[in-house]
Amino acid sequence: MKTVRHSEQTLRTALISKNPALVSQYEKFDAAERRLMNEAFRPASDLFGPITLHSQSDWITSHPEPPQDFEEFFNDPSRKTPSREKHRIYIQCIGSLGNTRIISEEYVKWLKGYCEAFFYGLTVKLLEPVPVSATRCAFRVNDSTENLQIHAGHILHFLKKKKPEDAFCIVGVTMIDLYPRDSWNFVFGQASLTDGVGIFSFARYGGDFYSSSYKGKVKASQRQSSRDYSVFDNYYTPEVTSVLLLRSCKTLTHEIGHIFGLRHCQWLACLMQGSNHLEEADRRPLDLCPICLRKLQCAIGFNIVERYQALVRWIDDESADTPRVTPKRSHDGNVNLPKPVEAFKEWKEWIIKCLAIVQK
């Protein structure tokens with residue numbers, strides 16, 4: 001295991017900059033917010049630690065990239081910023097996210113609520129779910145896993161045409177595996193930053209995806225021609241667990257972060273670190289290091305304390321003691337599904353520590 005550790009001065013410059021105008025901008029944060037941000041370069045901080053690499057297959061080792069500090073982010077002429085005319089994030093569900101309509105609907109509502117807290121200050125809207133056939137995308141059965149896959153690039157083209165006029169971005173979510181081109185095995189997600197569109201799959205986040213008994217395998221007798229979308233009728237979706245929800249929230253916010261212009265973080269343990277595999281993705285924290293937090297705050301303009309409070313409210317919205325999604329009937333006859341958030345418990349404790357620093 002290797003630790004990527006930067007000097008205090010390097011981290012200070014990455015966060016604050018040496019540009020007088022950006023230093024002045026930083027000083028407009030109130031003293032409490034700066035106290036939290038300054039944890040970035042405090043060596044003994046238990047909130048923001050260094051990045052640890054566990055193998056040569058980890059992202060930083062296998063995909064060398066120049067680091068992006070705040071000044072480089074701020075001066076990037078190609079990055080997109082929400083405006084009064086384009087200020088909404090749209091989520092387009094492709095296919096079903098759960099094994100019943102109710103679970104699928106609730107799942108995407110949980111994702112919506114999480115995005116509204118994470119990108120605090122922006123509005124998140126849900127578009128009506130569409131079947132795979134509506135996208136007219138290419139699809140295949142993966143030779144290795146024998147599971148269904150849809151073409152990510154074709155989905156991006158579909159989303160670009162559907163993008164509402166007031167959208168900052170539109171992102172598609174699906175429980176069907178993705179591939180970007182014939183020569184690739186799979187991809188977790190793909191985005192076009194210039195077009196403000198992205199597509200992300202949660203299929204591989206189910207607990208049984210890599211099992212030899214994975215129920216999503218497509219039998220030879222079920223395989224149809226490349227244009228017969230009936231193969232997606234009643235396709236397998238994993239059980240919606242707390243871990244699956246956590247992984248989905250993590251991927252969704254990481255990828256939307258790229259649309260805001262945040263590149264892969266190489267400063268501290270951070271949501272914006274790249275990941276080559278599920279183990280590495282699971283090691284990433286759910287939130288941003290101070291350097292990336294400043295980037296997102298600059299783009300949206302939220303109050304840092306209010307954002308953290310919104311994230312805690314999202315976690316507390318339902319009981320954290322429910323290990324799986326089980327329908328409950330309310331007094332008016334509607335079916336309510338408790339949000340499975342027990343996997344977020346450790347992160348909630350971390351947020352509370354952050355709030356304790358800013359609320360001293």
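In this text, all values refer to a predicted model and were calculated from it rather than measured experimentally. All heavy atoms count here, side chains included; hydrogens, waters and symmetry mates do not.
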Approximate separation, where rounding is to 0.5 Å, of [X] [atom1] and [Y] [atom2]:
X      : Y      : atom1 : atom2 : value
His264 : Glu65  : NE2   : CD    : 6.0 Å
Asn303 : Tyr308 : CG    : OH    : 11.5 Å
Ile150 : Tyr179 : CD1   : OH    : 9.5 Å
Ile256 : Ile170 : CD1   : CD1   : 11.0 Å
Ser45  : Leu11  : OG    : CG    : 11.0 Å

Treating Ile, Leu, Val, Met, Phe, Trp and Tyr as nodes and any side-chain heavy-atom pair under 4.5 angstrom as an edge, say whether [X] and [Y] lie in one connected cluster.
X      : Y      : result
Leu193 : Leu122 : yes
Leu355 : Ile315 : yes
Met1   : Leu53  : no
Leu278 : Leu246 : yes
Phe118 : Ile91  : yes

For a 4.5 angstrom cut-off between non-hydrogen side-chain atoms, does [X] reach [Y]?
X      : Y      : result
Ile259 : Ile89  : no
Asp177 : Arg204 : yes
Phe29  : Leu36  : no
Met272 : His258 : yes
Phe119 : Val124 : no
Leu111 : Phe202 : yes
Gln273 : Ile51  : yes
Asp195 : Leu156 : no

State plainly whether the residues Glu349 and Lys353 are in salt-bridge range, i.e. N to O under 4.0 Å.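 No, no charged N to carboxylate O under 4.0 Å.
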Has [X] got a side-chain atom pairing as donor or acceptor with [Y]'s backbone, closer than 3.5 angstrom?
X      : Y      : answer
Lys250 : Ala281 : yes
Glu106 : Ile103 : no
Tyr235 : Ser96  : yes
His254 : Leu271 : yes
Thr3   : Arg5   : no
Arg140 : Asp182 : yes
Arg34  : Glu27  : yes
Arg79  : Phe73  : yes
Gln359 : Ala32  : no
Ser17  : Thr13  : no

Measure the acute angle between the ring planes of Phe139 and Tyr229, then classify it against the limits of 30° and 60° as parallel, tilted or perpendicular.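 Correct class here is tilted.
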Steps toward salt bridge (charged side-chain N to carboxylate O under 4.0 Å, His left out) verdict (Glu116, Lys112): CA-CA 6 Å; Glu116 286 185 328; Lys112 170 187 180 292; 3.1 Å; yes
Distance-only check: which donor-acceptor pairs under 3.5 Å involve side-chain atoms of residues 126-137, not counting sequence neighbours?
unit_1, atom_1, unit_2, atom_2, d
Thr135, OG1, Val132, O, 2.7
Thr135, OG1, Cys137, N, 3.3
Arg136, NH1, Ser133, O, 3.2

Going by the side chain to side chain contact (heavy atoms under 4.5 Å, CB included) test, name the single residue among Ile176, Val197, Ile199 that passes it with Ile155.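 Answer to the side chain to side chain contact (heavy atoms under 4.5 Å, CB included) test with Ile155 among Ile176, Val197, Ile199: Ile199.
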Answer with yes or no after comparing the ring centroid distance for Phe70 and Tyr26 against a 6.0 Å cut-off, counting only values under it.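 So the answer is no for these two rings.
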Taking the ring centre of each residue, are Phe260 and Phe168 less than 6.0 Å apart?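 Under 6.0 Å, so yes.
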Closest non-hydrogen atom pair between Leu244 and Tyr107, with its separation: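 That would be O-OH, 3.5 Å.
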Donor-acceptor list for residues 286-302 side chains, cut-off 3.5 Å, not counting sequence neighbours:
unit_1, atom_1, unit_2, atom_2, d
Asp287, OD1, Arg307, NH1, 3.4
Asp287, OD1, Arg307, NH2, 2.8
Asp287, OD2, Arg307, NH1, 3.4
Arg294, NH1, Leu15, O, 2.7
Arg294, NH1, Ile16, O, 3.3
Arg294, NH2, Leu22, O, 2.9
Arg294, NH2, Gln25, OE1, 3.2
Lys295, NZ, Gln68, O, 2.7
Lys295, NZ, Gln68, OE1, 2.9
Gln297, NE2, Phe302, O, 3.0

Test ring pair (Phe, Tyr, Trp, His ring centres under 6.0 Å) on Trp314 and Tyr114; report intermediate values, then the result. CA-CA 7 Å; Trp314 180 88; Tyr114 185 82; 5.0 Å; yes
Evaluate the side chain to side chain donor-acceptor pair (under 3.5 Å) criterion for residues Tyr90 and Asp166: first the C-alpha distance (whole Å), next the side-chain angles of each, then the deciding distance (0.1 Å), finally the verdict. CA-CA 10 Å; Tyr90 284 87; Asp166 63 350; 2.7 Å; yes
Side chain to side chain donor-acceptor pair (under 3.5 Å) partners of Arg84, counting only residues at least two apart: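 Counting only residues at least two positions away or on another chain, Arg84 forms no side chain to side chain donor-acceptor pair (under 3.5 Å).
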Which residue is it: Trp267, Phe48, Phe41? I am looking for the one with a ring-ring contact (aromatic ring centres under 6.0 Å, His included) to His6.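 By the ring-ring contact (aromatic ring centres under 6.0 Å, His included) criterion, His6 pairs with just one of Trp267, Phe48, Phe41: Trp267.
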